Amino acid sequence: EAHYPREINTADQLVDRHVREGRGDNVAVYFEDETITYEELQERVNRMGNALRELGVESGDRVLVRFPNRPEPVITCLAVQKIGAVAMPSMKLLRAKELRYIVNNAEATTIVVYDDLLDEVDEALPDLDTVEDVVVAERNGIEHDHHSYDELMDAASPELEAADTERDDLALMLYTSGTTGRPKGAIHTHRQMLATADTYARYCLEPTEDDVFGGNPPLPFAYGFGDLVTFPLRFGASTSLTQDASPGDLLESVENHGISVLCSIPTAFNQMLAKFPDGPDEYDVSSLRVGMSAGEPLTPTTFEQFREEYGIKLLDGIGTTEMLHIFVSHHHEGEVDPTATGFPVPGYECKIVDPDTGEECERGEPGMLAVRGPTGIEYWNRPEKQDEAVEDGWSFPGDIFVQREDGRLEYKSRADDLIVSSGYNIPGPEVEAVVEEHEAVAEVAVVGAPHEQRGEIVKAFVVTTEGTTGDDELVEEIQNHVKNTLAPYKYPRAVEFVTELPRTETGKIRRKELRE
Ligand code: 3SK
């Protein structure tokens, strides 16, 4: 804390500071053929900040931001933070049912949305108790009767002083799925946002103004927000945004924007390797200097293949939405051992704790990972979850690790029922509840099944109602029902029909048995 003055504002630090210090002409954002300098970014942030104030957004208000990876969500989130409000980027695949919960739980007052994602907002809107305004970025000609993003921007003043925010004021709220199925708002302050850049990024990536960060993690994913907003802008570097990036699109951005720090998840690195098995020959990737991987464990095979084909090392790391970014990683590519995740990031401490006794484990023994540092788990309005997750200032992200003799931390598994598939956290019980809605389903249990490409996939064990046959048609129906009710990435990729579910004496489903 001592490193940050009491009065500090993230947007001022990430944008205005560079203009004040003579870096206004540096490119802040690359998007398709467009470049936005720091000076231009400042003007756009100012206009959006003024527009939101005109709509009545006040310090501390929550603003939901729904976009694919494009400049508008960067501008909007920074504008929200600049006026002292709290940005809530939300995953674009969320359905009306999920939006209803999140927006009402956060008591958000305003929604800023890409027109192509408006449908679900409009469906949820009659039940959104606190929302006063919806602002729509018209990019696909979709008709609506809300405020126009472009009209508000044109009418607003380009001058705006950052609000007098303090380092421990809230700046960002990201909803994360828990095993209970009710998403939790993970809250982050101005200081914590800057601290992710000043610890992990500064020491493990060693960025300079000349770097271009790029990749495909969605901006509403804490990993994506750090990689593609906080990190590049903290160092006066550039971010390259690629909307809905396929492996080819990503490589095109590497070539066109000169990406030097490539940020992604193992599934996407594997897709790049699968799509271009002889290496990225048709693209110039000579600008690449290092890769970042998180979201799921990186296998040594992917690490080696990527190094061979792309000539860079992937720095694996583990973070969580609650911790805001990575807290265990190798500190530089020179020390990478691809069979381990790495060491505590400078600024963080880790210990491995026996979940039964609460005692610290010996080196080599698996236990719960506990972390302490400049970020920590803090939930919006969920004291019961807060007490479970934090003890004596140590945060428990819910992962089982082993600390080796040399201090390296090796990931073992998730401690709970959360299914981590392609970097998405999917609570099994939430999917169960929806599968159960299908008329042919009598009972269901959902667990994670190991999968080479995705880490895990969602697998449903289903007992059908009497007289119903479990066949391919029913599998498809169940899958479509989940896709239409929840974010589609939550659907069960595998469905197995069983005659009964294994249960404990008290009637609890033995999920462990199903996983095995
Ligand atoms: O999943 C991760 O490893 C991660 C990393 C950084 C920030 C957020 C997350 C969830």
Side-chain angles (χ1 to χ4, degrees), residues 69 88-91 172-179 183-188 192-205 213 215-232 234 261-269 291-299 302-303 314-330 340-345 347-348 350 369 371 373-379 389 395-401 409-416 418-427 448 454-456 487 489:
N69 285 14
M88 279 179 49
S90 81
M91 294 298 265
L172 185 71
M173 170 138 84
L174 299 166
Y175 272 82
T176 172
S177 298
T179 45
K184 302 183 286 287
I187 52 179
H188 302 290
Q192 289 167 333
M193 283 194 58
L194 298 170
T196 59
D198 296 339
T199 54
Y200 170 72
R202 183 178 301 278
Y203 293 107
C204 301
L205 303 173
F213 285 69
N216 54 2
L219 293 174
F221 182 23
Y223 179 54
F225 203 89
D227 301 352
L228 300 174
V229 182
T230 320
F231 296 173
R234 181 62 168 158
V261 184
L262 182 63
C263 317
S264 200
I265 60 171
T267 311
F269 289 125
M292 284 172 66
S293 181
E296 61 192 279
L298 181 74
T299 62
T302 306
F303 174 87
L314 299 177
L315 214 48
D316 189 17
I318 184 161
T320 64
T321 302
E322 289 90 333
M323 296 296 294
L324 191 51
H325 218 277
I326 289 173
F327 48 83
V328 175
S329 167
H330 285 99
T341 311
F343 299 98
V345 163
Y348 287 86
C350 292
L369 179 72
V371 195
T375 60
I377 301 178
E378 204 172 341
Y379 293 119
S395 292
F396 287 79
D399 296 293
I400 304 291
F401 267 83
L409 290 151
E410 184 187 327
Y411 176 81
K412 289 290 171 193
S413 70
R414 289 289 305 168
D416 53 26
L418 208 62
I419 301 160
V420 183
S421 182
S422 297
Y424 290 113
N425 286 346
I426 304 166
R454 299 173 188 276
E456 284 186 308
Y489 61 79

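Ligands are counted one by one from 1 in listed order, and the atoms in each one are counted from 1 as well. All values below come from the heavy atoms of this structure, side chains included, with hydrogens, waters and symmetry mates left out. Residue numbers count from 1 along this sequence. Computed from a predicted structure; not experimentally measured.
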Ligand 1 atoms in contact with Ala294 (distance to a heavy atom under 4.0 Å) = 3 (O), 5 (C)

note = The side chain to side chain donor-acceptor pair (under 3.5 Å) partner of His325 among Asp227, Thr375, Thr320, Thr230 is Asp227

inquiry  = So, taking the atom named CZ in Phe327 and the one named OG1 in Thr196, what distance separates them when rounded to the nearest 0.5 Å?
reply    = 13.0 Å

remark   = So OH of Tyr424 and CZ of Phe221: to nearest 0.5 Å the spacing works out to 9.0 Å

task = Work out whether the distance between some heavy atom of Leu324 and some atom of ligand 1 is less than 4.0 Å.
result = yes

inquiry  = Can you report which non-hydrogen protein atom sits closest to atom 1 (O) of ligand 1, along with the distance?
reply    = Gly295 CA, 3.2 Å

remark   = Tightest non-hydrogen contact, residues Met173 and Pro89, listed as O-CD, 3.9 Å

key: Backbone N/O of Val420 and side chain of Glu456: donor-acceptor pair under 3.5 Å   = yes

key: His188 (side chain) donor-acceptor with Gly376 (main chain) under 3.5 angstrom   = no

query = Who's the nearest protein heavy-atom neighbour of atom 10 (C) of ligand 1, and how far?
reply = Phe221 CE1, 3.3 Å

task = Kindly identify the option in Phe327, Tyr200, Phe225, Tyr223 whose heavy atom sits closest to atom 7 (C) of ligand 1.
result = Tyr223

request  = Looking only at protein heavy atoms, identify the closest one to atom 2 (C) of ligand 1 and say how far it is in Å.
outcome  = Gly319 O, 3.1 Å

query = Which ligand 1 atoms are under 4.0 Å away from a heavy-atom of His325?
reply = 6 (C), 7 (C)

